[in-house]
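Atoms within each ligand, like the ligands themselves, are counted from 1 in listed order.
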Amino acid sequence: MHIVRTKAELKEAVKRYHQEGQTIGFVPTMGALHKGHTSLIETAKSHADVVVASVFVNPTQFAPHEDFDSYPRDELADLEILEEHKVSLAYLPTVEEIYPEGNITSILLDEKVSKILCGKRRPHFFDGVATVVVRLFNQVTPDVAVFGEKDFQQLSILKQVVNDLDMPVKVIGSPTVREDDGLAMSSRNRYLSAADRELAPKLYHLMKEVADGDATIEEAKSALYHSGFDVDYLEARSAVTLEPCELNDSNARLFAAAILGKTRLIDNIAL
Ligand code: AMP
């Protein structure tokens, strides 16, 4: 596996892939890799000749009070996992490489997609994500890029950004990978205390109850609240437009975010 840390080195490697006629599949991550991330790598492999993965904790998607400084970083473990999964190129840029001093450009999304669901509590989050992803896409020049359905709002927004900006890359979604007890895998799950880790799968189980018609959204919210979750949102929205919808509408999806201790859990499932 080739490891690069600068745009110049990346460009050289990417130029070679293009000269060899190899298509590029790209998997951007913030590291602290788990099986959710490696499933994206496998999806990328099935759509492209070579896989490029990036590890970059993006400062512009964190608010000052959020966990940018304490976000889990373990470069050696990440590189081992990327190597194991036969990634061709690992791109680990510094903040300066992505945001050179004096840069003036960022993406400002329409509030109708960026200030709903997760964007309500994290108003700068999706602008930051779009800004870094556009920069990474321009650097890596992938043919396809793979994102997890775990972050469905992010996936949906990025599909639209690429379309709006006529970027020559296909954004592909890959299904959510869960622990055996149903909890959606996340780098932040390691923040959970032992007791909260035991409680955490309840979010998914109650969402399933709603999806199966065994509980209403209000009943699920109340059960979560009484179990110790601080529910941010639990609502049905269209998987296509992200607009609010009824549970039984076609394309309806159930979206949830709830805080347990210091950890914000998010999840979504088809209805
Ligand atoms: P992150 O490192 O958390 O920014 O995530 C990088 C990519 O991995 C994003 O496209 C996420 O949606 C995806 N991802 C994170 N967790 C999971 C999971 N449990 N299942 C599938 N994809 C995931």
Side-chain angles (χ1 to χ4, degrees), residues 25-47 51-62 66-68 70-75 77-79 81-82 85 87 90-93 95 98 117-119 122 124-137 140 142 144-162 169-192 197 200-201 203-204 207 239 242 253 255-257 263-270:
F26 180 39
V27 179
T29 81
M30 297 210 300
L33 300 178
H34 51 67
K35 287 182 184 146
H37 298 113
T38 57
S39 75
L40 305 187
I41 293 170
E42 297 308 322
T43 302
K45 272 188 205 162
S46 70
H47 285 91
V51 175
V52 176
S54 62
V55 175
F56 179 65
V57 184
N58 173 37
T60 64
Q61 69 192 65
F62 289 81
E66 292 181 343
D67 56 346
F68 175 72
S70 61
Y71 193 83
R73 291 167 171 88
D74 191 345
E75 189 178 296
D78 288 345
L79 287 173
I81 290 170
L82 295 178
H85 285 266
V87 163
Y91 180 38
L92 290 82
V95 171
I98 301 294
L117 297 170
C118 282
R122 308 185 73 192
H124 307 295
F125 178 74
F126 291 107
D127 290 344
V129 168
T131 297
V132 77
V133 168
V134 165
R135 285 174 184 231
L136 288 169
F137 280 4
V140 175
V144 300
V146 185
F147 292 85
E149 287 183 352
K150 155 89 181 359
D151 302 284
F152 199 92
Q153 186 178 6
Q154 169 174 283
L155 169 65
S156 161
I157 287 174
L158 291 174
K159 278 184 177 165
Q160 207 178 326
V161 166
V162 158
V169 48
K170 184 164 190 235
V171 172
I172 296 173
S174 197
T176 301
V177 177
R178 300 180 180 281
E179 303 285 358
D180 290 342
D181 59 13
L183 175 65
M185 289 189 184
S186 164
S187 305
R188 289 190 170 100
N189 288 350
R190 61 186 78 187
Y191 297 155
L192 291 164
R197 173 63 191 81
L203 177 62
Y204 173 63
M207 291 173 74
L242 296 183
R253 219 171 160 89
F255 292 86
T263 312
R264 191 164 180 281
L265 304 173
I266 64 168
D267 207 339
N268 67 90
I269 58 174

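Counting heavy atoms under 4.0 Å from ligand 1, residue Leu40 touches it through the side chain alone. With a 4.0 Å heavy-atom cut-off, ligand 1 is reached by the backbone of Met30 and by its side chain too. Residue-level proximity to ligand 1 for His34 is carried by the side chain, the only part with a heavy atom below 4.0 angstrom. Residue contacts with ligand 1, taken as heavy atom pairs separated by less than 4.0 Å, involve Met185 via backbone and side-chain atoms alike.
Among protein heavy atoms, atom 20 (N) of ligand 1 sits closest to Val177 N, 2.9 Å. Scanning the protein for heavy atoms near atom 22 (N) of ligand 1, the closest one is Gly148 CA, 3.5 Å. Atom 23 (C) of ligand 1 has Lys150 CB, 4.0 Å as its closest protein atom, hydrogens excluded (heavy atom only). For atom 11 (C) of ligand 1, the closest heavy atom belonging to the protein is Asp151 OD2, 3.0 Å.
Interface atoms of ligand 1 facing Thr176, defined by a heavy-atom separation under 4.0 Å, are 20 (N), 21 (C). Residue contact check: Pro28 has heavy atoms under 4.0 Å from atoms 6 (C), 7 (C) of ligand 1. Near Thr29, meaning under 4.0 Å from one of its heavy atoms, ligand 1 places the atoms 2 (O), 6 (C). Heavy-atom contacts of Pro175 reach the following atoms of ligand 1: 20 (N), 21 (C) (cutoff under 4.0 Å).
In His124, the NE2 atom is not crowded: 12 or fewer heavy atoms of neighbouring residues, nucleotides or ligands sit closer than 6.0 Å.
Residue contacts with ligand 1: Ser187 is placed with no nitrogen or oxygen under 3.5 Å of a nitrogen or oxygen of the ligand (distance criterion only). Checking only distances, His37 does come within under 3.5 Å of ligand 1, N or O to N or O.
Note: Glu179 CD to Lys35 NZ = 7.5 Å, rounded to the nearest 0.5 Å.
The closest donor-acceptor contact from the side chain of Lys45 to the backbone of His85 lies under 3.5 Å. For Gln153 (side chain) and Cys118 (main-chain N/O), a donor-acceptor pair under 3.5 Å exists by modelled atom type. Looking at Asn268, its side chain does come within 3.5 Å of a backbone N or O of Lys150 through a donor-acceptor pair. One N or O on the side chain of Asp181 and one on the backbone of Leu183 form a donor-acceptor pair closer than 3.5 Å. Ser174 places no side-chain N or O within 3.5 Å of a backbone atom of Gly148 that could act as its donor or acceptor partner. Judged by distance alone, the side chain of Asp67 and the main-chain N or O of Thr263 form no donor-acceptor pair under 3.5 Å. Between the side chain of Asp78 and the main chain of Leu33, a donor-acceptor pair closer than 3.5 Å is present. At distances below 3.5 Å, not a single donor-acceptor pair connects side-chain atoms of Thr176 with backbone N or O atoms of Ala184.
With Gln154, Glu149, Arg188 as candidates, the residue nearest to atom 9 (C) of ligand 1 on a non-hydrogen basis is Gln154.
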